[in-house]
Amino acid sequence: MTTPAETPTAQVRLPLRPGLEGLEPYGAPQLDVPVLLNVNENPYPPSEAVVADIADAVARAAHGLNRYPDRDFHELRAELAEYLRVESGVSLAASQIWAANGSNEVMLHLLQAFGGPGRKVLSFAPTYSMYPEYARDTLTEWVAGRRAEDFTLDLNHAREQIAEHRPAVILLASPNNPTGTALPLEAVEAICEAAATAGPKADDGAPTAAVVVVDEAYGEFRREGVSSALTVLDRHPHLAVSRTMSKAFGMAGLRLGYLAATSTLVDHLRVVRLPYHLSAVTQAAALAALSHRDELMSQVASLRAERDELVEWLRGHGLRVADSDANFVLFGLFPDRHEVWNGLLERGVLIREVGPEGWLRVSVGTPQETAAFRAALEEVLGW
Ligand SMILES: *Cc1c(COP(=O)(O)O)cnc(C)c1O
């Protein structure tokens, strides 16, 4: 097959939105390397039994693909609520759950509903590098406060930023990416209190609440004694807690993220979503995967233990390592982190060059993959 000739772009000038000129699409390098520890995936593929069930469910759904799917995916929302009940001990109605193609799309829905021109979204850096992109794509102004030296949230600074900017949305990743830092419940509640009348002024001049989003993409990896923000959801009607099947659940390829909030907040998100955004295939596969939750989640405990060992090992070699409640570890400090990253890559281990200058992030893999990372790092650093 020959490639059709494209119309030369020089003939016209496309009306690209101001601010988008010269930008590259976001994404970590997808390289073909033996040991992939760069995007915090669960290293364990689904078992044959899970694969067979997903395939069956998709085949059943395929018979109805001439029809549009359930726009409101009731069954999936009910099953996600049931999953959260078992995982966090919090009972929620299906109407309090929202889902989309990855929590990235859930976040976009949040900013489409609550952000927009003349409005601000506030977060605290260093944090997830996609957040400014949601802001840009919804024409919402991005405001980044800062985290403390140890990557925790400085509550006084946070309160000041909220009062000064009157954001429509506050994004808090917990555990935070790329640092691994979880937010204590008291901090979540303090932010919710500060946000309760600190949103943009409504048309009639009355204060609104800023929507507080706690992004718990890595929530299942939290250490003993760290609580999910789901447990205070019933106290704060402007709180939303987002989760994903991409990380602990081991289903990054499925593209299914979700959130829990009041059904009123969820109803606002329903207004901005594209109709039928969750395909029948996605819904069927997600339901099948959820029915195997025990098996899919069975690796979480060993990944956590592996993470704690990795933290100790890195510290034992004199490196600085951020406390982690996630399935990755931020470590440093290197005068030339790119050289270290590249040395690992040359030895077949791909990690992520992300976070404040001098730090690197490595995902927790299988014991074999982690061993390969350690061996490569020993060589690179000449230990
Ligand atoms: C990985 C990640 C997500 C999940 O994204 P999906 O779109 O659900 O795959 C969300 N938030 C943070 C902070 C992440 O690191």
Side-chain angles (χ1 to χ4, degrees), residues 37-40 88 103 107 121-132 143-162 169-192 194-195 212-232 239-244 246-248 300 303-315 319-334 337 351-364:
L37 300 173
N38 65 328
V39 287
N40 305 337
S88 295
S103 46
M107 298 286 178
V121 52
L122 171 67
S123 191
F124 299 90
T127 192
Y128 190 34
S129 37
M130 275 303 294
Y131 291 162
V143 180
R146 52 173 169 71
R147 285 173 175 264
E149 173 75 10
D150 62 356
F151 305 129
T152 57
L153 205 59
D154 171 347
L155 280 179
N156 286 331
H157 168 71
R159 286 194 194 91
E160 278 164 26
Q161 293 285 303
I162 293 169
V169 177
I170 302 168
L171 292 178
L172 303 169
S174 175
N176 184 42
N177 181 3
T179 63
T181 324
L183 270 179
L185 268 192
E186 306 79 69
V188 172
E189 295 219 84
I191 299 285
C192 284
V212 179
V213 181
V214 180
D215 178 357
E216 292 190 351
Y218 303 95
E220 289 95 340
F221 294 109
R222 62 193 184 270
R223 287 173 293 180
E224 203 69 42
V226 177
S227 301
S228 166
L230 288 167
T231 56
V232 295
L239 173 62
V241 181
S242 98
R243 291 282 185 106
T244 181
S246 297
K247 307 287 161 60
V300 168
L303 288 166
R304 274 203 212 115
E306 184 104 13
R307 168 202 60 208
D308 294 340
E309 271 176 40
L310 184 57
V311 169
E312 287 313 309
W313 184 81
L314 290 164
R315 283 184 182 152
L319 291 177
R320 267 184 75 190
V321 185
D323 283 336
S324 176
D325 278 284
N327 65 335
F328 55 82
V329 175
L330 190 74
F331 64 102
L333 289 160
F334 303 109
R337 70 169 167 181
I351 69 166
R352 192 81 183 267
E353 199 176 348
V354 70
E357 201 42 57
W359 295 83
L360 290 167
R361 191 192 72 191
V362 61
S363 313
V364 177

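As the structure is a computational prediction, the values presented were derived from the model and not from experiment.
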Inset, instruction - Could you point out which residue of Ser174, Ser228, Ser88, Ser242 forms a side-chain hydrogen bond (donor to acceptor under 3.5 Å, both in side chains) with Glu216? - result: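 Result: among Ser174, Ser228, Ser88, Ser242, Ser228 is the only option passing the side-chain hydrogen bond (donor to acceptor under 3.5 Å, both in side chains) with Glu216.
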
Legend entry - Presence of salt bridge, Arg315 and Asp323, under 4.0 angstrom: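 Yes.
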
Legend entry - Min side-chain heavy-atom separation Ile191-Val214 under 4.5 Å: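 They are not in contact (no side-chain heavy atoms under 4.5 Å apart), so the answer is no.
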
Please report the closest heavy-atom contact between [X] and [Y], naming both atoms and the distance.
| X | Y | value |
| --- | --- | --- |
| Ala229 | Leu239 | O-CD2, 3.9 Å |
| Val354 | Leu330 | O-CD1, 4.0 Å |
| Val226 | Ala182 | CG1-CB, 3.9 Å |
| Ala190 | Arg159 | CB-NH2, 3.8 Å |
| Arg337 | Pro356 | NH1-O, 3.4 Å |
| Ala194 | Ile162 | O-CG2, 3.9 Å |

[X] side chain to [Y] main-chain N or O, any donor-acceptor pair under 3.5 Å?
| X | Y | value |
| --- | --- | --- |
| Arg243 | Ser103 | no |
| His157 | Gly145 | no |
| Asn176 | Pro126 | yes |
| Arg222 | Pro175 | no |
| Asp325 | Arg223 | yes |
| Arg320 | Trp359 | no |
| Ser123 | Leu171 | yes |
| Asn327 | Val364 | no |

Legend entry - Test applied, side-chain contact (heavy atoms from CB on, under 4.5 Å); reference residue, Leu172; option that passes from Leu122, Leu183, Thr127: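 That would be Leu183; it is the only one of Leu122, Leu183, Thr127 passing the side-chain contact (heavy atoms from CB on, under 4.5 Å) with Leu172.
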
Inset, instruction - Determine the sole option in Thr179, Asn38, Asn177 for which the side-chain contact (heavy atoms from CB on, under 4.5 Å) test with Arg361 is passed. - result: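 Exactly one candidate clears the test, Asn177.
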
Legend entry - Nearest-0.5 Å distance that lies between atom CG in Leu153 and atom CZ in Arg147: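 Those atoms lie 5.5 Å apart.
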
Inset, instruction - Could you tell me the separation between the CD atom of Gln161 and the CG atom of Asp154, rounded to the nearest 0.5 Å? - result: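 The CD atom of Gln161 sits 10.0 Å away from the CG atom of Asp154.
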
Legend entry - Candidate pair Phe328 and Phe221, rule ring-ring contact (aromatic ring centres under 6.0 Å, His included), full reasoning: CA-CA 10 Å; Phe328 55 82; Phe221 294 109; 8.7 Å; no

Legend entry - Stepwise side-chain contact (heavy atoms from CB on, under 4.5 Å) test for Ile351 and Phe331: CA-CA 11 Å; Ile351 69 166; Phe331 64 102; 3.9 Å; yes

Inset, instruction - In sequence, state the C-alpha distance, the side-chain angles, and the governing distance for Asp215 and Tyr128, and then conclude on side chain to side chain donor-acceptor pair (under 3.5 Å). - result: CA-CA 10 Å; Asp215 178 357; Tyr128 190 34; over 6 Å; no

